[in-house]
Amino acid sequence: MEHNREVEIDGNSNPIQISRLALDIGGSLIKLVYFSRNSGDDEDPPKDKVGVSSGVNGRLHFAMFETAKINDCLQFISANKLLLGGGFQHQENCTNGMSFIKAVNQEAFTYLNGSKEFVQINHNDLYPYLLVNIGSGVSMIKVDGDGKFERVSGTSVGGGTFWGLGKLLTKCQSFDELLELSHRGDNKAIDTLVGDIYGGMDYSKIGLSSTTIASSFGKATSHCKELEDYKPEDISWSLLRMISNNIGQISYLNALRFGLKRIFFGGFFIRSHSYTMDTIAVAVHFWSKGEAKAMFLRHEGFLGALGAFMSYERHSLDDLVVNQMMPLPVNASLGTDTNYDPLNGDINGTESIQCSVYRA
Ligand SMILES: Nc1ncnc2c1ncn2[C@@H]1O[C@H](COP(=O)(O)OP(=O)(O)O)[C@@H](O)[C@H]1O
Ligand SMILES: CC(C)(COP(=O)(O)O)[C@@H](O)C(=O)NCCC(=O)O
């Protein structure tokens with residue numbers, strides 16, 4: 001079922017036609033992806049002599065809401081006249097969403113020593129890979145080809161654990177606040193390091209440096225300290241490292257199990273956060289001795305919604321072409337922020353990119 005509505009949301013009172021909307025309702029967050037075609041562009045574009053359509057030009061929009069505040073989402077859909085139709089979330093959609101990386105440039109990247117390096121995906125050399133979706137919990141999916149996948153593992157220690165434990169331990173009121181705290185944290189105050197056990201020295205015999213975490217939260221066992229004696233920023237940083245490290249390690253073990261060299265990490269837990277990506281990338285590099293690579297995605301949190309979007313009955317997986325990978329924030333405050341860097345910024349649910357949709 002398709003819905004086309006005239007709606008004015010472009011700030012210039014130009015009508016924007018919303019052609020299709022996909023929704024992924026997760027344990028923590030609702031993700032929305034919708035396409036608005038340029039005013040004047042025909043929903044049924046002409047075909048050439050051999051039947052190839054010229055495509056519909058428009059923008060692909062991304063939006064995110066907390067699942068607990070589903071009414072805000074419904075209000076957004078209603079206010080913007082985005083009528084719900086067709087999108088629904090299930091495991092398959094996560095892997096369908098991965099075909100987005102084939103449609104766009106500068107979507108997948110590696111993260112090492114604090115810098116992103118975008119990787120041009122070679123379609124003939126994409127499979128097999130491990131997809132690790134870090135949402136409320138974590139799912140690990142071995143992907144062997146288009147539509148060929150198997151859930152091989154998972155762990156309940158995921159994004160919900162970080163946010164849930166972090167909220168209890170730091171009294172933070174939002175996920176963003178908790179993440180922000182971690183920037184100022186020092187895990188030495190809470191984690192027991194190898195050096196704490198071995199008199200400040202590396203344990204070179206077994207290849208562990210003095211700064212390696214020997215026991216996450218190990219110092220919190222101290223009898224003379226209570227929760228109030230620890231800084232919330234140190235707790236946040238230790239928690240983030242513990243969870244990211246653990247996911248990195250389990251991911252590597254699963255990659256090893258199936259001989260996979262490439263691991264893509266998705267899910268809204270990552271939020272393009274430098275410490276999170278760095279910890280995961282270092283864990284994969286460390287455990288695989290450099291054999292396996294951690295890859296991240298610019299639209300990491302939207303794989304399920306993109307999968308639903310790309311599963312539309314009348315649109316095959318290959319019919320989305322992002323012809324200009326220049327994201328423009330739809331959010332007015334971001335739009336006027338001259339420091340906003342679309343390739344490095346966190347897509348916090350408000351972004352749109354130029355694209356064309358082709359009929360299969
Ligand atoms: N604004 C936010 N509010 C709550 N959680 C957030 C937010 N931004 C990122 N997260 C993280 O993202 C996780 C949810 O990721 P997501 O991929 O949307 O999974 P789900 O489909 O289970 O909702 C949360 O558990 C939390 O760690
Ligand atoms: C149940 C889920 C697939 C739901 O996905 P989510 O909403 O967390 O993105 C996921 O939370 C999960 O795989 N949890 C780990 C379960 C386990 O293997 O132990």
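Since we're looking at a predicted model, the values are computed, not measured. Residues: numbered from 1 along the sequence shown.
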Are [X] and [Y] close enough that some pair of their side-chain heavy atoms sits under 4.5 Å apart?
X: His285; Y: Lys293; result: no
X: Glu300; Y: Phe264; result: no
X: Val138; Y: Met140; result: yes
X: Phe265; Y: Ile270; result: yes
X: Glu107; Y: Ile121; result: no
X: Leu32; Y: Ile77; result: yes
X: Met295; Y: Ile263; result: no
X: Phe217; Y: Thr192; result: no

What is the minimum heavy-atom distance between [X] and [Y], and which atoms define it?
X: Gly304; Y: Asp24; result: CA-OD2, 3.5 Å
X: Arg298; Y: Gln106; result: CD-O, 3.2 Å
X: Ala305; Y: Ala22; result: O-CB, 3.4 Å
X: Met98; Y: Leu297; result: SD-CD1, 3.8 Å
X: Tyr230; Y: Ala189; result: CE2-O, 3.7 Å
X: Phe76; Y: Leu82; result: CE2-CD1, 3.7 Å

Taking the six-membered ring for Trp, is the centroid-to-centroid distance between [X] and [Y] below 6.0 Å?
X: Tyr252; Y: Phe286; value: no
X: His299; Y: Phe62; value: yes
X: Tyr111; Y: Phe109; value: no

Salt bridge [X]-[Y], side-chain N to carboxylate O under 4.0 Å:
X: Asp144; Y: Lys142; value: yes
X: Asp196; Y: Lys219; value: yes
X: Lys188; Y: Asp234; value: no

Apply side chain to side chain contact (heavy atoms under 4.5 Å, CB included) to Tyr127 and Asp146, showing your working. CA-CA 9 Å; Tyr127 306 107; Asp146 259 356; 3.0 Å; yes
Using atom types as modelled and distance alone, determine if a side-chain donor or acceptor of [X] lies under 3.5 Å from a backbone N or O of [Y].
X: Gln249; Y: Ala283; value: no
X: Asp229; Y: Glu226; value: yes
X: Lys289; Y: Trp287; value: no
X: Ser251; Y: Ile247; value: yes
X: Asn254; Y: Ile250; value: yes
X: Ser352; Y: His61; value: no
X: Ser236; Y: Pro232; value: no
X: Asn122; Y: Asn124; value: yes
X: Thr161; Y: Ser156; value: yes
X: Ser174; Y: Glu177; value: yes

Atom pair [atom1]/[atom2] of [X] and [Y] - distance to nearest 0.5 Å:
X: Leu260; Y: Glu291; atom1: CG; atom2: CD; answer: 13.0 Å
X: Arg241; Y: Ser216; atom1: CZ; atom2: OG; answer: 8.5 Å
X: Ser182; Y: Asn187; atom1: OG; atom2: CG; answer: 11.0 Å
X: Ser209; Y: Asp202; atom1: OG; atom2: CG; answer: 5.5 Å
X: Thr212; Y: Leu193; atom1: OG1; atom2: CG; answer: 8.5 Å
X: Ser288; Y: Lys261; atom1: OG; atom2: NZ; answer: 8.5 Å

From CA spacing to verdict: side chain to side chain donor-acceptor pair (under 3.5 Å), Ser136, Ser28: CA-CA 6 Å; Ser136 309; Ser28 306; 2.8 Å; yes
As a quick check of understanding, evaluate side chain to side chain contact (heavy atoms under 4.5 Å, CB included) for Glu180 and Glu233, giving each step before the final call. CA-CA 8 Å; Glu180 173 57 31; Glu233 47 268 45; over 6 Å; no
Say whether [X] and [Y] are linked into one hydrophobic cluster, either directly or through other cluster members, by side-chain heavy-atom distances under 4.5 angstrom.
X: Ile70; Y: Phe65; result: yes
X: Leu181; Y: Ile235; result: no
X: Ile213; Y: Ile243; result: no
X: Leu240; Y: Leu227; result: yes
X: Ile134; Y: Val152; result: yes

Derivation and outcome, ring pair (Phe, Tyr, Trp, His ring centres under 6.0 Å), residues Phe268 and Phe302: CA-CA 8 Å; Phe268 245 111; Phe302 289 96; 5.4 Å; yes
Given Asp176 and Arg271, is the salt bridge (charged side-chain N to carboxylate O under 4.0 Å, His left out) satisfied, shown in steps? CA-CA 10 Å; Asp176 287 27; Arg271 283 282 296 274; 3.2 Å; yes
Any ring pair (Phe, Tyr, Trp, His ring centres under 6.0 Å) pairs touching residues 182-216, not counting sequence neighbours?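 Every ring pair (Phe, Tyr, Trp, His ring centres under 6.0 Å) pair that includes a residue of residues 182-216, provided the two are not neighbours, is His183-His273, His183-Tyr275, Tyr198-Tyr203.
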Between Ser244 and Thr276, a side-chain donor and acceptor under 3.5 Å: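 Not at all, the side chains of Ser244 and Thr276 share no donor-acceptor pair under 3.5 Å.
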Between Phe118 and Thr110, does a side chain to side chain contact (heavy atoms under 4.5 Å, CB included) hold up when you go through it step by step? CA-CA 7 Å; Phe118 283 95; Thr110 56; over 6 Å; no
Could you give the side-chain donor-acceptor pairs of residues 164-172 under 3.5 Å, partners two or more places apart or in another chain?
from, atom 1, to, atom 2, distance (Å)
Thr170, OG1, Gly166, O, 2.6
Thr170, OG1, Cys172, N, 3.1
Lys171, NZ, Leu168, O, 3.4

Heavy-atom neighbours of Gln120 CD exceed 12 at 6.0 Å: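 Buried by this count: over 12 neighbours within 6.0 Å.
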If you count every heavy atom of other residues, nucleotides or ligands that lies below 6.0 Å from Trp163 atom CH2, does the total exceed 12?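 Result for CH2/Trp163: enclosed.
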Can you check side chain to side chain contact (heavy atoms under 4.5 Å, CB included) on Ile141 and Tyr129, steps first, answer last? CA-CA 8 Å; Ile141 301 151; Tyr129 61 81; over 6 Å; no
